[in-house]
Amino acid sequence: VQLVESGGGSEPVGGSLRLSCGVSGAALAGYDVSWFRQALGKAREGVARFDSADHSTQYLDSVKGRFTMSVDAAKNTADLQMNNLKPEDAAVYYCVISDSGLTDTLRLKEWERFGSWGQGTQVTVSS
């Protein structure tokens with residue numbers, strides 16, 4: 001399985017970015033998909049999750065109303081639209097998929113154990 005993130009870059013506070021994750025070697029239908037991020041010197045945290053069973057999404061509280069996650073099973077891609085960027089959104093963003101059935105939250109432990117991770121894409125927010 002290979003995941004490749006793209007779309008990272010530098011935006012000013014209040015700007016927008018759209019991250020994309022292309023998946024090969026696995027069909028996204030049937031996979032939970034999430035986006036995690038890791039800021040410099042901080043622990044990795046879950047940002048958004050798409051549930052393969054009911055197609056629901058869940059978000060980290062601090063990004064609710066600003067970030068929107070979508071999955072296109074036909075294209076085998078997952079996107080993260082990020083609006084109204086804040087300085088604290090600056091981080092490396094990772095796309096993760098899992099078909100374990102055990103990744104029903106944004107808790108890092110399960111995704112690290114059961115997920116396949118991309119290499120990450122850098123998001124910088126300038127104030």
Side-chain angles (χ1 to χ4, degrees):
V1 178
Q2 186 175 17
L3 291 76
V4 179
E5 301 95 336
S6 60
S10 181
E11 284 288 322
V13 170
S16 297
L17 280 173
R18 187 176 185 87
L19 306 183
S20 186
C21 175
V23 179
S24 58
L28 275 187
Y31 277 77
D32 293 336
V33 185
S34 68
W35 287 91
F36 277 74
R37 69 185 180 187
Q38 186 166 24
L40 192 64
K42 295 189 177 181
R44 201 168 285 189
E45 64 179 355
V47 175
R49 175 186 170 274
F50 174 88
D51 189 286
S52 61
D54 61 11
H55 293 192
S56 63
T57 52
Q58 63 182 110
Y59 298 94
L60 181 69
D61 284 347
S62 63
V63 308
K64 285 179 181 177
R66 301 188 297 119
F67 289 12
T68 303
M69 179 176 179
S70 59
V71 173
D72 188 329
K75 295 182 179 179
N76 236 32
T77 59
D79 290 349
L80 183 68
Q81 176 67 43
M82 306 187 297
N83 297 328
N84 190 21
L85 286 165
K86 301 180 178 181
E88 54 264 37
D89 295 322
V92 177
Y93 282 72
Y94 300 89
C95 176
V96 198
I97 66 171
S98 175
D99 65 349
S100 68
L102 299 173
T103 50
D104 57 351
T105 70
L106 282 170
R107 195 162 55 192
L108 177 61
K109 180 179 179 181
E110 283 71 29
W111 286 96
E112 284 186 325
R113 182 174 179 184
F114 300 112
S116 297
W117 291 68
Q119 83 290 347
T121 185
Q122 178 72 52
V123 170
T124 302
V125 183
S126 56
S127 55

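Just so you know, these numbers use all the heavy atoms, side chains as well, and skip hydrogens, waters and symmetry mates. Because the structure is predicted, anything quoted here is derived from the model rather than measured. Counting from 1, the numbers follow the sequence of the chain as shown.
- Side-chain contact between D89 and M82 is absent, with no heavy-atom pair separated by less than 4.5 Å.
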Scan the side chains in residues 24-34 for donor-acceptor partners under 3.5 Å anywhere in the protein, sequence neighbours excluded, and list what turns up.
residue	atom	partner	partner atom	Å
D32	OD1	S52	N	2.9
D32	OD1	S52	OG	3.1
D32	OD2	T103	OG1	3.1

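- The two residues R107 and T105 come nearest to each other via the heavy atoms N-OG1, 3.0 Å.
- Applying the disulfide (SG to SG under 2.5 Å) test to residues at least two apart or on different chains, the pairs with a partner in residues 87-127 are C21-C95.
- Checked against salt bridge (Lys or Arg N to Asp or Glu O under 4.0 Å), K86 has no partners two or more places apart in sequence or in another chain.
- In terms of heavy atoms, W35 sits closest to A78 at CZ2-O, 3.5 Å.
- Of all non-hydrogen atoms in V1 and L3, the two that sit nearest each other are CG1-CD1, 3.5 Å.
- Counting only residues at least two apart or on different chains, no disulfide (SG to SG under 2.5 Å) pair has a member in residues 25-74.
- Residue F36 belongs to a hydrophobic cluster whose other members are V92, Y94, V96, L108, W111, W117, with links defined by side-chain heavy atoms closer than 4.5 Å.
- A donor-acceptor pair is defined here as one N or O able to donate and one able to accept, closer than 3.5 Å; no such pair exists between the side chain of Q119 and the backbone of V4.
- When each of L106, T68, V47 is checked for a side chain to side chain contact (heavy atoms under 4.5 Å, CB included) with Y59, only T68 meets the rule.
- For the 3.5 Å distance criterion, the side chains of N83 and Q81 qualify, holding a donor opposite an acceptor.
- At most 12 heavy atoms of other shown residues, nucleotides or ligands fall within 6.0 angstrom of atom CZ in R113.
- Listed by first then second residue, pairs satisfying ring-ring contact (aromatic ring centres under 6.0 Å, His included) with a partner in residues 61-92 number zero, not counting sequence neighbours.
- A91 approaches Q122 most closely through the heavy-atom pair O-NE2, 3.4 Å.
- For the pair D104/E110, no side-chain contact is recorded, criterion being any heavy-atom separation below 4.5 Å from C-beta on.
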